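Below is one structure, written out as structure tokens; comments come after it.
This one's a predicted model, so the numbers in the text were calculated from it and none came from an experiment. Start at 1 and go down the list; that is how both ligands and their atoms are numbered.
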Amino acid sequence: MSDIIRLLPDSVANQIAAGEVVQRPASAVKELLENTIDAGATDVKLIIKDSGKLLIQVTDNGCGMSERDARMCFERHATSKIQKADDLLAIRTLGFRGEALASIASIAQVELKTKRHEDEIGTSILIDGSEFKGQSPVQCQNGTTVSVKNLFYNVPARRNFLKSNTLELKYIIEEFFRVALVHPDITFTFYNQDKILFQLPTGNLKQRIINLYSSSYTQRLIPVEQRTALVNISGFIGKPEFAKKSRGEQYFFTNGRFIKSAYLHHAVDGAFKELIPDDSVPSYFIFMEVDPQTIDVNIHPTKTEINFQDIKSIYAILHAAVKQSIGKFNLAPSLDFETEQSMNLPLADENRPVRQPVITVNPDFNPFEKKTQPQTSFSFPLQNKPSIQGWRDLYDTNFQPTEKSPPPIPMEDYSHHPLQMLRTSHSPSERKEPRFKTHTL
Ligand code: ADP
Ligand code: MG
């Protein structure tokens, strides 16, 4: 029998990669927004139609691309962000895998318009399901616009698997939040069906949170701050009385990247123990800066899960920092005389018959018997859940309740490694330059 193994054509390989990288419109939005950040943009515009199924368009004023790079960026494993394997150990950019644009272009019709600041004229490229359709010079603004049309048009199985527009929009908003929260120094505008859904001016983190949620968040947030050799923690947590029954406002960012970590979630959740009801979860917007060499971001194609070398210590530091903030800033809830139930005692009524108090005794009661169910310490009078309008309605309903039992540590135990000093942290001015400006391909 003759040999039967052959290399797959790039277009097929890209579609396979797209299966992991682009699961839904929100994944494409995430990748395109991340590229704008890496390009050093200070102004980003996102336009979607039909929840991204018809159109996702992202425009930035970042560094733009040369004519050649504009073509190269759609090649598989084409990136300006790393050059050698060692670079993986010190990643400062959001992207590095060089597969997002190639993947997206294999499952959609893509138009790219880009111009570097130093160039007179820009370049435009059309690609249709990995097939190069043409490149031409174009007059355009400095920066880059990527338009992704008819996502999954050539992958009916994926397209049919998509959820309702409402749900897909919710996922996109979630991705938008994850990027917008880390970059309050960047202006973002988000159009949905030609209407502005968000317009975010620059400001500090607290202002960004308020612009994304509502002005009521001014009263709800407590700062968290902790600087150690291993990790610098900053951000905000929601006051315990604003804890919610559904997840959603729970954000960890490590070196500017949104990450998911059930383990670290447990550290924060545990700090709120006995302050919020068992079925509620706290809100948090927590930023962790660590030496890039102490994390591995290359463990998942979507880059939202990372390994920390010393996650046990980070857990302990985070837990303590949140606890300290709650103790420092969260004053005991003041009595509200308008609603306090104990104040509504009925007035004595002379005509009411006097009833003898009845004492019931349980003859089987044994004070030395252990209770099987531990008693909850006390129930906290939750404020009325604020009414959430419009897009927030979508947002709050679909998250799973938090697990209360400690999740396993999602990694090998590296805690024997020596702690490494932080080398740098992001400063807003760093982001004005593209993060990957160093080399030509
Ligand atoms: P990665 O981000 O992992 O490098 P991508 O496929 O997302 O891979 O992008 C490939 C390359 O295209 C990037 O490394 C970058 O050089 C370039 N690029 C993509 N988007 C932009 C953009 N908005 N502005 C400037 N360059 C971009
Ligand atoms: Mg990228």
Taking the six-membered ring of Y153 (Phe, Tyr or Trp), confirm whether the NZ or CZ of R159 is under 6.0 Å from its centre and within 45° of its axis.
no
Taking the minimum heavy-atom distance to atom 12 (O) of ligand 1, which of C73, G62, A39, G95 ranks first?
C73
Output yes when the distance from some N or O of ligand 1 to some N or O of D60 is under 3.5 Å, and no in every other case.
yes
Report the part of P434 (side chain from C-beta onward, or backbone N, CA, C, O) that has a heavy atom under 4.0 Å from ligand 1; answer both or neither where that applies.
neither
Within 4.0 Å of some non-hydrogen atom of F96, the atoms of ligand 1 are 1 (P), 3 (O)
Using a distance threshold of 2.8 Å, state whether an N, O or S atom of T79 lies below it from the Mg ion (ligand 2).
no
Hey, are E34 and K30 close enough for a salt bridge, meaning a charged N less than 4.0 Å from a carboxylate O?
yes
Give a yes or no on whether a salt bridge exists between E249 and K244, defined as a side-chain N under 4.0 angstrom from a carboxylate O.
yes
Quick one: is the NZ or CZ of K163 closer than 6.0 Å to the six-membered ring centre of F161, and within 45° of its axis?
yes
If you measure from atom 26 (N) of ligand 1 to every heavy atom of M65, R116, R97, E34, which option wins on shortest distance?
M65
Using a 3.5 Å cut-off on N or O atoms only, is G64 in polar contact with ligand 1?
no
Which segment of T144 sits under 4.0 Å of ligand 1 when only heavy atoms are counted:
side chain
Counting each atom of ligand 1 from 1 as listed, which ones have a heavy atom of T79 under 4.0 Å away?
1 (P), 4 (O), 14 (O)
Given S80, G98, A105, which has its nearest heavy atom closest to atom 1 (P) of ligand 1?
G98
Can you find an N/O atom of T36 closer than 3.5 Å to an N/O atom of ligand 1?
no
Would R178 count as a cation-pi partner of F258, with NZ or CZ less than 6.0 Å from the six-membered ring centre and within 45° of the ring normal?
yes
Hey, does T114 have a side-chain heavy atom less than 4.5 Å from the side chain of T145?
no
When the ring centroid of F285 is compared with that of Y217, is the distance short of 6.0 Å?
no
D194/K49 salt bridge by N-O under 4.0 Å criterion:
yes
Geometry only, no angles: is C63 polar-contacting ligand 1 at N/O separations under 3.5 Å?
no
Heavy-atom distances under 4.0 Å decide this one: backbone, side chain, both or neither, for A100 against ligand 1?
both
Taking the side chain as every heavy atom from C-beta outward, state whether F152 and L162 have any pair of such atoms under 4.5 Å apart.
yes
